[in-house]
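Structure record follows, encoded as structure tokens.
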Number of protein chains: 2
Amino acid sequence: MNLTESIKRPTLHEELVERLRNLVVEDALKPGEKVPEKDLCASFGVSRTPLREALKVLASEGLVVLQANRGARVTEVTPEELENTFPVIATLEQLAGELACERLDDAGIAHIEERHKDMIAAYKTRDRQAYFQANQDIHNALITAAQNEVLESHHRMLAVRVRRARFMVNLSDKRWAQAIDEHEQMMEKLRRRDAKGLGELMKLHMLNKFVAHMKALQT
Amino acid sequence: MNLTESIKRPTLHEELVERLRNLVVEDALKPGEKVPEKDLCASFGVSRTPLREALKVLASEGLVVLQANRGARVTEVTPEELENTFPVIATLEQLAGELACERLDDAGIAHIEERHKDMIAAYKTRDRQAYFQANQDIHNALITAAQNEVLESHHRMLAVRVRRARFMVNLSDKRWAQAIDEHEQMMEKLRRRDAKGLGELMKLHMLNKFVAHMKALQT
DNA sequence: AAATGTAATTATGAATTCATTATTCAGTCA
DNA sequence: TGACTGAATAATGAATTCATAATTACATTT
């Protein structure tokens, strides 16, 4: 079978969750900003019902907060929020690193190696856009390699929240170089399939990223 | 200020999320079971709108699955699901243990000590109900003590999913004794404020619980 | 002018209605 | 008998409507 692509027509509310989430992550909807249903309905061309359903989901993901009878607001990215989020991501990435090492086959490692090279190339040409993309691909690949749906979904939820912080800070040259170095070390552990080592490095990598973010925010 | 309790009048959909979640956790709604909106609306005395909003939230928490045009089903508790969930909970509890050690004051530790004694008492009289309750209280207290909202909310989501498994297996005498022993060790680490030690024990405790569950399921 | 009270407007929560998609079941034909 | 067709029924997705709470604008009082 499978002659054609399986027909997937997502429901409106699913579509809206996606679109709204992107708006929040891409910073089109600013933190603290009110999200008037009416306007969103108009711009998406849907009625309030599916939109409100979508907002409920976003709220349970922590991207917006709902106040009864007072509508939705995009959650603020506060230092406290980052302070709480990073350790949790870090510990999840540690677990992911360990599992990925055990479950990745040679082809999988080769694939990550490719993206790693892309990332290095982007670093050398100082192409921030390409760097962020390759970086994210690598992390996502490692998460996927862990083959744990629960881990993956919770990691995604948290990663989304942190990704918004990207718009707030500039990656310093020093931190950028450090991050590249950490990735080199991670690749080394991965090649040797050192599960514990990779896990620890990934955790540390996240916590260092956190420190860099906090420093940047304090200025 | 704060002269009176802040007035909280939850919206219907919030109330429904709570109630429905309980129904799933308490196993009143069985895994795999269809959840006809109509019946639920009738039994709760609400219209479909808030109920459907609640189902969307439950779906994003992974307690139900929504199939377009075919309604909601309670998610099955499969061995795969447990296999994926336990390691994630374990790693979160490890983090919680470490943070709790750093942040609990003497009064907080004393409070946990109390619940620990309750748990031991329940064990001696083989009062499963009281045991489960005290056990859960202890874990929750440690999570709360970590003072990390993100950690807490994600842990709660996962704990709910696992708690359902309780209805599927019987706690063996052997495992029960082992669990008590593990808790004794955890308390010892906590008294000494050995953050790393408590974290490792809590992780191990969860993984052992997982092994016990899997053994029980295989029979 | 500042503060308080009140009416008008707006936005939200929830119920209802409408439109589509599944499901059921009787009937037909091989 | 058993597989297929299609009408009837039921359930769901989405739009609309209604009710209520919040906000705003304005007036009144001091």
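Because only heavy atoms are used, hydrogens play no part in the values below, and waters and symmetry mates are left out as well, while side chains stay in.
- Here the P atom of nucleotide C:dC18 and the CZ atom of B:R48 are 14 Å apart, to the nearest Å.
- Between the P atom of C:dT23 and the CG atom of B:N69 lies a distance of 9 Å, rounded to the nearest Å.
- Summary of the strand contacts: B:T49 and B:V35 both lie near DNA chain D, and taking for each the nucleotide with the nearest heavy atom, the more 5' one is attributed to B:V35.
- In terms of phosphate contacts, A:R70 brings a side-chain nitrogen or oxygen within less than 4.0 Å of OP1 or OP2 of D:dT23.
- Within the model, atoms CG of B:L12 and CD of B:E53 stand 9.5 Å from one another, a figure rounded to the nearest 0.5 Å.
- Aromatic ring centroids of A:H155 and A:H139 lie 6.0 Å or more apart.
- Straight-line distance from the CD atom of B:E37 to the P atom of C:dT20: 18 Å, rounded to whole Å.
- Both B:G45 and B:K34 lie near DNA chain C, and the one whose nearest nucleotide falls closer to the 5' end is B:G45.
- In this structure, B:K38 places its NZ atom 10 Å from P of D:dT12, rounding to the nearest Å.
- In this structure, CG of A:L66 is placed 16 Å from C1' of D:dA21, rounded to the nearest angstrom.
- Side-chain contact check for B:E14 and B:T11: at least one donor-acceptor pair (N or O, by modelled atom type) lies under 3.5 Å.
- Residue B:E53 contributes atom CD, which lies 8 Å from atom P of C:dG13 at whole-angstrom precision.
- Between the CG atom of B:L16 and the P atom of C:dA14 there is a distance of 9 Å, rounded to whole Å.
- Separating the NE2 atom of A:H13 from the C1' atom of D:dA14 is a distance of 12 Å, rounded to the nearest angstrom.
- Around the CD atom of A:Q129, the shell of radius 6.0 Å holds no more than 12 heavy atoms that belong to other residues, nucleotides or ligands.
- Contact check, A:R52 against C:dT12: no side-chain N or O comes under 4.0 Å of OP1 or OP2.
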